[in-house]
Amino acid sequence: MPGDLHGSTARFHLTVSPTDERTDEMILPCGVTDPALALAALHDLAPGDKLRVTGHLRLPRTPDELVWLAVTTLAVLQTAPLLTDPAPDATAVLERFGPYLCYFDADTSEVEVFTDAGKPVGTAPDPDKIGALLEAFEERQAAGGE
């Protein structure tokens, strides 16, 4: 996002992943003050791009200040994949509807529905009937005291 009205500075969050473990990741706020670098950060980067960033780490001087990185160089190592086109050979899709998960199989019109805890709700004969299936399930849960 622009750091000022003219776009001569920029701010962004960097996800730092030192290992392949998601628990080792951290979010680092970054700032760019070089106008050319800020322009590149604002217009050329996309979420998910893999970057090599160098700069100066600013440690907090007081407990209410944040740690942040003053970026001096920025290089794109790998661009993020575009997710606008679905995979042509997709065979199944898992979608979330609130606390429910729906499994759509490309080989059939039926939709398997589960709670987010993995408890089976039932099978809808087609996607248009998911709402009725969920309503009936919630009525059974309310009547059963769960």
Could you grab the distance from atom CE of Met1 to atom NE2 of His13, nearest 0.5 Å is fine? 9.5 Å

Considering all heavy atoms of both residues, which atom of Ala38 and which atom of Ala10 are nearest to each other, and what is their separation? CB-N, 3.8 Å

Are Ile130 and Phe114 linked, directly or through intermediate hydrophobic residues, by side-chain heavy-atom contacts shorter than 4.5 Å (ILVMFWY only)? no

Members sharing Leu37's hydrophobic cluster, built from side-chain contacts under 4.5 Å between Ile, Leu, Val, Met, Phe, Trp and Tyr, are Phe12, Leu14, Val16, Met26, Leu28, Val32, Leu45, Leu51, Val53, Leu57, Leu59, Val67, Leu69, Val71, Leu74, Val76

How close do Glu65 and Arg61 get, heavy atom to heavy atom, and via which atoms? OE1-N, 2.8 Å

Side chain to side chain donor-acceptor pair (under 3.5 Å) contacts touching residues 45-56 (sequence neighbours left out): Thr54-Thr73

Under 3.5 Å, is there a donor-acceptor pair between the side chain of Thr115 and the main chain of Val121? no

Output the distance between atom CZ (Arg11) and atom CG (Asp4), rounded to the nearest 0.5 Å. 10.0 Å

Shortest non-hydrogen pair, Ala80 vs Gly48, comes out as CB-C, 3.4 Å

Note: Thr72 and Gly55 closest approach over all heavy atoms is OG1-CA, 3.5 Å

Flag yes if Tyr103 and Leu101 sit in one hydrophobic cluster, no otherwise; membership is Ile, Leu, Val, Met, Phe, Trp, Tyr, and two members link when side-chain heavy atoms are under 4.5 Å apart. yes

Can you name the nearest heavy-atom pair linking Pro127 to Ser109, along with the distance? CD-O, 3.6 Å

